[in-house]
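Just below is one structure, and these are the notes that go with it.
Every heavy atom of this structure was used, including side-chain atoms; hydrogens, water molecules and symmetry mates were not. Proteins get letters first, then strands, A, B, ... in listed order; numbering begins at 1 in each. Predicted, not measured: the structure shown is a model, and the values here were computed from it.
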There are 2 protein chains.
Amino acid sequence: VASLFRRSRIHRDSARSRARSTRPADQVVRIALGELTPDPRTFLGHAAYVQLAIFETVAHAVATAPHPRAKAALSPVATLSLAKYDGLVNELRRAGHDPVDAMAGFTADTDAFRHDVAGADWYESLVTSYVIAGLLDDFFLRLADGLPDGLAERVRALLEAGSGGDVVVAQLLGGIQSDPRLGSRLALWGRRLVGDTLLVARSALEVPADTRPDEARLEPVFTELIAAHTRRMDAIGLTA
Amino acid sequence: VASLFRRSRIHRDSARSRARSTRPADQVVRIALGELTPDPRTFLGHAAYVQLAIFETVAHAVATAPHPRAKAALSPVATLSLAKYDGLVNELRRAGHDPVDAMAGFTADTDAFRHDVAGADWYESLVTSYVIAGLLDDFFLRLADGLPDGLAERVRALLEAGSGGDVVVAQLLGGIQSDPRLGSRLALWGRRLVGDTLLVARSALEVPADTRPDEARLEPVFTELIAAHTRRMDAIGLTA
């Protein structure tokens, strides 16, 4: 059944590719990723647990904020990620799946990831929130294109709702402007995060057991994800 | 201006007391507390920062949950406290106040409180979430009766929205039933929390500089808060 399902989805995506062939280049890239979207339960379980990890990272930054103004500024960022998580879990329930069972396959890797990217102080944990929310929301948003119609739109609406990056940028700029050495340290930290975060993204792609994804075809997707990441690092004056 | 304001509010509350004299006993108690409600900005600033502390405690319990099912069960509890915080902050903005300035007078004491009640492990932090959210939501709900009409109703609606106690109870019962020694330790921890939490409540009452609140009149309020707390501890099979 799984392979039939996969084949039928790829077939549908190919039909879409043709229909959209006159669209700009980024749409073509999106379709390439949509072909590797796993079944809805797997997608939602993974995206939900990753979102919970983003929430935990932000909540930690709220709790360890050095002053109440930063704490109050960041708390809406926690609300945003928690709302995304809630929305993804509701989609699991709506489809009749137990959310925790659906997340079970991703908890160990995601927990290990969150531990690895926790950061040594408040500023590093802010950069982590910013970088991983930016990259992973962007990634799952693109991957959502391969979900069945209806679900795809709802998940995109959830993930497009923003991740409070502007708020985090304001906090980071304040710190970096008053201490240039902090900027160098955070640029280094940002670079370290990208590799780990892209591995999380990579692990969410459905790669049929008997094949390997066409790495050449994946490359433009990851190039685009990294380009968006570079723009986010530019926004805080750091080299990606 | 402050003393005029205070006098006019007390006058209004006395009028209410008479109007409500035929209501059940708990209403009378509520009015007694409403007479000590500070001005709206002070009330909202204090209640909001306390709610943020509750959120941080719950978020920590989410992050340190021993298994994904507990983590997923607790995350809606974090949503509830964050929504209350957001609502209180929105009321500050609506009245034209800077939320952070309004919270400023309460951050040091509340941060110290949160540190003191953090708990040694996940179960203790769960009990903390349960006990402090129960007592302080209950307390600020009663204190909201002294707010101006309109605001009082909106704040009550926010605080009455529930604090996810049933979810926390389920997690605690699971742990306690499989390890009776855990129950004794948590009962002890719960008793330690009550004193610190009631001091937070006590500090939110407006006591005019030249007078002392009538402690005999306050007593039934705190007796009632503790009775509700005792029922919450009963729900997890622990003696308060």
| said: Using every non-hydrogen atom in the two residues, find where A:L141 and A:L159 come nearest and quote the distance to one decimal. | reply: N-CD1, 3.6 Å

| said: For a quick test of reading the model, state the closest non-hydrogen atom pair linking B:P38 to B:L147 and the distance between them. | reply: O-CD2, 4.5 Å

| said: Quick check on A:A78 against chain B: is it the side chain, the backbone, both or neither that has a heavy atom closer than 4.5 Å? | reply: both

| By a 4.5 Å heavy-atom criterion (distance strictly below it), what part of A:P99 contacts chain B: side chain, backbone, both, or neither? | neither

| Rounded to the nearest 0.5 Å, how far does CD1 of B:I132 lie from CZ of B:F139? | 14.0 Å

| How many angstroms lie between CG in B:L82 and CD1 in B:I54, if you round to the nearest 0.5 Å? | 12.0 Å

| request: May I have the step-by-step check of side chain to side chain contact (heavy atoms under 4.5 Å, CB included) for B:F140 and B:L88, ending in yes or no? | output: CA-CA 11 Å; B:F140 280 107; B:L88 294 166; over 6 Å; no

| task | Please identify each residue that fulfils side chain to side chain contact (heavy atoms under 4.5 Å, CB included) with B:L238, with sequence neighbours left out. | result | B:I176, B:L186, B:A187, B:M233, B:I236

| request: Determine the option with the most heavy-atom pairs under 4.5 angstrom with chain A, choosing from B:A104, B:A72, B:A59. | output: B:A72

Geometric donor-acceptor pairs, no angle filter, chain A-chain B, under 3.5 Å:
| residue | atom | partner | partner atom | Å |
| --- | --- | --- | --- | --- |
| A:E56 | OE1 | B:K71 | NZ | 3.2 |
| A:E56 | OE2 | B:K71 | NZ | 2.9 |
| A:A63 | O | B:R114 | NH2 | 3.3 |
| A:R69 | NH1 | B:D98 | OD2 | 3.4 |
| A:R69 | NH2 | B:D98 | OD1 | 3.4 |
| A:R69 | NH2 | B:D101 | OD1 | 3.0 |
| A:K71 | NZ | B:E56 | OE1 | 3.2 |
| A:K71 | NZ | B:E56 | OE2 | 2.9 |
| A:T79 | OG1 | B:D86 | OD2 | 3.3 |
| A:D86 | OD2 | B:T79 | OG1 | 3.2 |
| A:D98 | OD1 | B:R69 | NH2 | 3.4 |
| A:D98 | OD2 | B:R69 | NH1 | 3.3 |
| A:D101 | OD1 | B:R69 | NH2 | 3.0 |
| A:R114 | NH2 | B:A63 | O | 3.3 |

| field | Heavy-atom side-chain contact between B:F43 and B:V155 under 4.5 Å | value | yes

